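Have a look at the structure below before the remarks.
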Amino acid sequence: MRRWLTVTCLAGLVLAFWPRGAEAIPAFARRYQTSCTTCHVLIPKLNAFGIAFRNNGYRIPANDEKFVKTPDVQLGAPAWKRVWPDAVWPGGIPGIPPIAIRIFSDVVINPSTTSKVNFIFPNEFEILAVGTAGDHISYLGELEITTGDRVDLARAFIQFDQIFGSPVANLVVGRFEPRAVPFSRFHRRLTPSDFLATEFRNVSEGFDFKTRQAGFEFWGAKTGSNNKGGVEYAAGIVNGNGPFADNNTSKDLYYRLSYKVGGFGVAGSTEETEELKQSNNWRDNSIRLGTSGYFGKGQFAGKLDEFYRVGGDVDIFLRDLNVSTWVFMGRDDFTATKTVTDFTAVAVEANYVAKPWLIGVLRYDAVFRDKDADIKRVVPAVVIAIRANVRLVADWEVFLKNSGDTRARVRVDLLF
Amino acid sequence: MKIFICAGLLAGVLGAGGAIGLEQPGRAGATISGKVTCRGVRDCNGAVVFIESLPGRSFPPSPNAVMDQVNLTFTPHVLTVVVGTKVSFPNSDEVRHNVFSPSPVKRFNLGTYPKGVSKFVVFDKPGIAELLCNVHAEMSAYVVVTETPHSVLVGKEGTYVLKDVPTGTYVVRAWREELKDQRQQVTVSAGAPRTVNFELRR
């Protein structure tokens with residue numbers, strides 16, 4: 001019991017100071033001269049159009065060129081394609097530097113720490129570069145500078161988009177958040193606190209879903225019939241050791257498969273968008289069912305751990321309400337000591353758009369291990385968009401049955 | 001001798017009659033108009049709508065066809081000419097240019113030449129010739145080589161009018177760079193304007 005509490009506390013400390021990650025991309029607002037709300041319910045949570053935009057390799061489905069206000073600088077006229085292989089295939093770079101900056105500051109209230117109220121101003125300064133490099137290639141790089149002057153290259157990848165001419169097949173190479181995570185901290189989470197299921201480590205220094213991994217990911221999205229819903233899939237092979245070099249020869253493997261019924265097409269519509277919708281674009285009456293699995297092997301605390309995480313998720317949108325559920329089972333098997341630990345993680349979150357600038361969040365998440373080591377938490381939160389690119393967020397992490405330190409956080413978040 | 005004269009007259013009459021028979025509809029001055037919708041690109045600027053061929057008819061080359069090079073740009077970006085046209089490529093820029101085409105319809109390379117020099121190419125087959133400059137990778141242009149003079153350059157909005165087209169049944173084609181071209185068979189009657197719309201996609 002005491003051992004588990006120690007592990008949990010250590011994990012909590014690590015997570016408290018772990019880089020949070022850029023979660024919305026003003027570089028695109030500049031490129032298309034549109035508001036964040038084109039793609040986001042509120043930053044960083046993507047709406048259905050934003051998901052389709054991402055699934056199209058950061059391009060507006062069906063007709064990206066029509067909406068680009070600052071045309072790309074062409075690295076060779078398109079007609080040079082006819083000369084290949086006797087010339088380099090032409091490319092492109094954004095007409096304006098595809099750079100975005102995010103700064104956020106936190107007030108953390110934690111009654112169990114020496115300083116019960118802490119001003120972390122700023123908590124993080126992030127530089128994000130993201131864009132397209134001509135046809136079929138996109139990229140993303142993210143540099144985080146956190147309190148304590150820690151610099152972290154959080155994500156950096158190149159993506160070969162629409163390999164067969166549509167979003168059905170794409171390849172990512174670099175360091176990224178595996179798509180095995182159904183509720184991404186970069187595209188989904190509204191609160192400063194992460195899903196417990198995402199950040200939970202069953203063993204000290206062990207695997208968690210929030211760590212970005214280095215490797216390859218093959219993924220795709222196809223809109224369903226009548227331009228609604230559709231299927232998304234991903235399969236990846238990664239080191240499994242985050243930003244560090246792999247500590248063993250075997251690689252981690254993962255998969256994801258989801259199907260959305262109703263709502264906006266996951267890869268957008270095959271028909272051109274006439275305008276970029278700004279109102280009620282959080283509404284997407286639909287249901288999505290998904291399953292994910294992650295299978296890995298790693299040296300944690302000097303011991304070889306063979307582990308897996310397998311689960312399913314449901315995402316329901318009904319007018320202004322969005323309810324998401326994620327359940328997965330995990331096992332860590334230390335073959336040398338013949339120690340096996342199992343757990344089940346659960347996350348249920350409801351978001352309600354009271355006003356286009358005001359969202360209420362209520363989350364329950366838990367990790368069930370043995371009876372004395374369960375972690376249960378309730379997180380109420382409110383998210384206010386002071387401006388389209390400035391938000392105020394307050395969340396309150398209430399751990400049940402003394403399974404963790406209850407704390408509150410108020411964050412001011414600016415992106416430009 | 002009389003036989004030859006009679007035969008000549010007969011041939012002339014038949015020939016003229018044949019010509020009259022084919023040209024009369026042309027004189028009817030029929031009109032084809034419509035709209036080209038260009039999907040996946042900013043607009044339709046630079047699209048061309050043209051009658052691909054009129055069986056049994058041939059037309060003289062286009063006069064004064066010029067593709068200039070000014071301010072590191074081919075001007076115009078799209079040039080439409082009839083088969084057999086000699087297109088001049090003057091260099092009116094302050095820098096040297098090289099004009100070449102990798103297109104099967106007319107492969108050529110005029111080499112690199114300075115301001116004031118003009119070279120030419122005769123486009124003797126119908127099709128689309130892409131032009132590039134081997135010195136400036138951003139430069140490109142197109143020569144649309146057609147078998148008839150019935151062609152029109154489409155503007156941003158995509159609307160077009162082909163005036164004084166002959167009556168009959170033939171193929172009208174719409175083309176724009178970066179998009180798949182489209183052909184439609186149309187039947188045009190005298191005094192009855194036809195509307196033909198196109199939708200071009202990547």
Side-chain angles (χ1 to χ4, degrees), chain A residues 31-34 52-53 56-95 132-136 161-168 227 267-276, chain B residues 35-47 67 69 71-79 97-109 127-144 156-158 175-181 198-202:
Chain A
R31 178 176 167 83
Y32 298 101
Q33 291 182 17
T34 188
F53 178 80
N56 277 267
Y58 304 112
R59 295 172 180 86
I60 290 176
N63 191 352
D64 184 71
E65 188 178 319
K66 181 176 175 183
F67 291 97
V68 174
K69 296 295 192 296
T70 310
D72 286 356
V73 175
Q74 291 188 346
L75 306 179
W80 279 96
K81 295 170 188 173
R82 303 281 180 265
V83 187
W84 191 88
D86 296 323
V88 175
W89 193 272
I93 54 174
T132 55
D135 296 341
H136 302 293
D161 310 312
Q162 307 187 16
I163 295 168
F164 302 122
S166 78
V168 76
N227 283 322
S269 169
T270 52
E271 297 302 317
E272 280 187 19
T273 307
E274 295 301 325
E275 56 190 15
L276 300 180
Chain B
K35 182 172 173 61
V36 183
T37 305
C38 300
R39 303 290 187 194
V41 291
R42 190 177 296 272
D43 53 48
C44 274
N45 199 27
M67 175 68 78
Q69 299 157 85
N71 295 328
L72 303 181
T73 308
F74 284 114
T75 306
H77 184 63
V78 177
L79 176 68
H97 283 297
N98 163 285
V99 185
F100 76 98
S101 173
S103 304
V105 63
K106 189 71 182 179
R107 291 186 199 278
F108 66 88
N109 189 336
I128 314 295
E130 292 159 313
L131 307 179
L132 291 165
C133 172
N134 207 15
V135 184
H136 304 99
E138 71 277 20
M139 290 176 64
S140 72
Y142 296 84
V143 178
V144 179
K156 285 184 180 178
E157 300 304 318
W175 169 91
R176 187 195 184 279
E177 63 176 303
E178 297 282 293
L179 303 181
K180 292 171 185 162
D181 51 0
F198 295 91
E199 185 171 299
L200 307 182
R201 293 175 179 272
R202 281 188 182 271

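Values in this document were obtained by computation on a predicted structure and should not be read as measured data. Below, read A as the first sequence line, B as the second, and so on, with proteins coming before strands; counting in each chain starts at 1. As a basis for the values below, the full set of heavy atoms in this structure was taken, side chains included, without hydrogen atoms, waters or symmetry mates.
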Task: Contacts of B/Cys133 that satisfy disulfide (SG to SG under 2.5 Å) - sequence neighbours left out - done: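 Result, disulfide (SG to SG under 2.5 Å) vs B/Cys133: none returned.
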Open item on the list: Does any part of the side chain of B/Val41, heavy atoms only, come nearer than 4.5 Å to the side chain of B/Leu179, both counted from C-beta?
Closed with: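 Contact flag for B/Leu179/B/Val41 side chains = yes.
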- [ ] Taking the side chain as every heavy atom from C-beta outward, state whether B/Val105 and B/Val143 have any atom pair closer than 4.5 Å.
- [x]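 They are not in side-chain contact.
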Task: Distance-minimising heavy-atom pair for A/Ala52 and A/Ala267 - done: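 Taking every non-hydrogen atom into account, CB-C, 3.8 Å.
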Task: Considering all heavy atoms, the nearest A/Gly76-A/Pro90 contact - done: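 Scanning both residues completely, I find the closest heavy atoms to be O-CB, 3.3 Å.
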TODO: Please flag which part of A/Val68 lies under 4.5 Å from any non-hydrogen atom of chain B: side chain, backbone, both or neither.
DONE: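 When you check distances to chain B, atoms from both the backbone and side chain of A/Val68 fall under 4.5 Å.
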- [ ] Let me know if A/Ala79 has heavy atoms under 4.5 Å from chain B in its side chain, its backbone, both or neither.
- [x]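 The answer is both parts of A/Ala79.
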Let me see the donor-acceptor pairs closer than 3.5 Å between chain B and chain A, or none if nothing turns up.
residue	atom	partner	partner atom	Å
B/Gly40	N	A/Glu272	OE2	3.0
B/Val41	N	A/Asn63	OD1	3.3
B/Val41	O	A/Asn63	ND2	3.1
B/Arg42	N	A/Glu65	OE2	3.4
B/Arg42	NH1	A/Val68	O	2.8
B/Arg42	NH2	A/Glu65	O	3.4
B/Arg42	NH2	A/Val68	O	2.7
B/Glu130	OE1	A/Arg82	NE	3.3
B/Glu130	OE2	A/Arg82	NE	3.0
B/Ala137	O	A/Ala77	N	2.7
B/Ala137	O	A/Trp80	NE1	2.9
B/Arg202	NH2	A/Glu65	OE1	3.0

TODO: Quick one: do B/Phe74 and B/Leu79 satisfy side-chain contact (heavy atoms from CB on, under 4.5 Å)? Show the steps, please.
DONE: CA-CA 10 Å; B/Phe74 284 114; B/Leu79 176 68; over 6 Å; no
